[in-house]
Amino acid sequence: MSVNASTANTRSWGAAGGTVDAITVTLVPALLTIPDGTLISFRALGANATTTPNLSVSGLTARTITKLGGAALVVGDIPAANAEVMVRYNLANTRWELLNPA
């Protein structure tokens, strides 16, 4: 999928790497920055085991994943291996917000 990194609300998908709480997603082409509102979807490796998992996209700085509005996740909000997860980047608060918690 082609990604236009200069446009807010970019939508991209990738398989997760890393661990269940230190998630990585590599996009092709890679994002050089993450604009506010960027949507990323990924297939999880497993359920989150902490309330503060983080996500690094295309090798950029990892940011915490929260619930929509900033509340901490509950263990298992990312439900299981192969779960399809959607997050939106909140630039003002430098976090990813989970749009589809379990």
Side-chain angles (χ1 to χ4, degrees):
M1 171 180 234
S2 179
V3 176
N4 180 348
S6 65
T7 303
N9 300 319
T10 300
R11 185 181 301 253
S12 300
W13 183 91
T19 69
V20 297
D21 290 313
I23 303 162
T24 62
V25 174
T26 301
L27 302 175
V28 178
L31 292 179
L32 302 177
T33 63
I34 302 178
D36 189 38
T38 296
L39 292 170
I40 301 289
S41 298
F42 60 90
R43 187 167 294 139
L45 294 171
N48 61 298
T50 70
T51 60
T52 57
N54 62 64
L55 171 63
S56 171
V57 176
S58 298
L60 298 171
T61 302
R63 302 293 186 195
T64 301
I65 302 171
T66 69
K67 291 187 179 191
L68 192 59
L73 294 187
V74 172
V75 171
D77 270 343
I78 298 173
N82 298 316
E84 297 293 332
V85 178
M86 181 180 283
V87 293
R88 181 185 314 263
Y89 191 63
N90 180 315
L91 180 64
N93 295 293
T94 60
R95 66 180 178 234
W96 291 100
E97 294 185 347
L98 181 63
L99 301 180
N100 61 336

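Residue indices begin at 1 and follow the sequence shown. All values below were derived from every heavy atom in this structure, side-chain atoms included, with hydrogens, water molecules and symmetry-related copies excluded.
Cluster membership for Val74 and Met86, using ILVMFWY side-chain heavy atoms within less than 4.5 angstrom, is not shared. Residues Val75 and Val87 are members of separate hydrophobic clusters, defined by side-chain heavy-atom contacts under 4.5 angstrom among Ile, Leu, Val, Met, Phe, Trp and Tyr.
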Exercise. Apply the test side chain to side chain contact (heavy atoms under 4.5 Å, CB included) to residues Thr94 and Tyr89: give CA-CA distance (whole Å), side-chain angles for both, the deciding distance (0.1 Å), then the verdict.
Key: CA-CA 7 Å; Thr94 60; Tyr89 191 63; 3.8 Å; yes

Show which side-chain atoms of residues 51-60 pair as donor or acceptor with protein atoms under 3.5 Å away, not counting sequence neighbours.
unit_1 : atom_1 : unit_2 : atom_2 : d
Ser56  : OG     : Leu60  : O      : 2.5
Ser58  : OG     : Leu31  : N      : 3.2

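To the nearest 0.5 Å, the span separating CZ on Arg63 from CG on Asn93 amounts to 11.0 Å. From Ile65, atom CD1 reaches atom CD1 of Ile40 across 11.0 Å, with rounding to the nearest 0.5 Å. Note that CZ of Phe42 and OG1 of Thr24 are 9.5 Å apart. Values are rounded to the nearest 0.5 Å.
In plain terms, the two heavy atoms of Trp96 and Thr38 that are nearest each other are CZ3-O, 3.7 Å. For the pair Pro79 and Ala47, the tightest heavy-atom approach, listed with the atom from each and the gap, is O-CB, 3.2 Å. The two residues Glu97 and Asn90 come nearest to each other via the heavy atoms OE2-ND2, 3.2 Å. Taking each heavy atom of Asn100 and Glu84 in turn, the nearest pair found is ND2-O, 2.9 Å.
Summarising the hydrophobic clusters (Ile, Leu, Val, Met, Phe, Trp, Tyr; side-chain heavy atoms under 4.5 Å, direct or chained), the residues clustered with Leu45 are Val20.
Contacts of Asn82 classified as side chain to side chain contact (heavy atoms under 4.5 Å, CB included), with partners at least two apart in sequence or in another chain: Arg43.
A donor-acceptor pair under 3.5 Å is formed between the side chain of Asn48 and the backbone N or O of Asp77.
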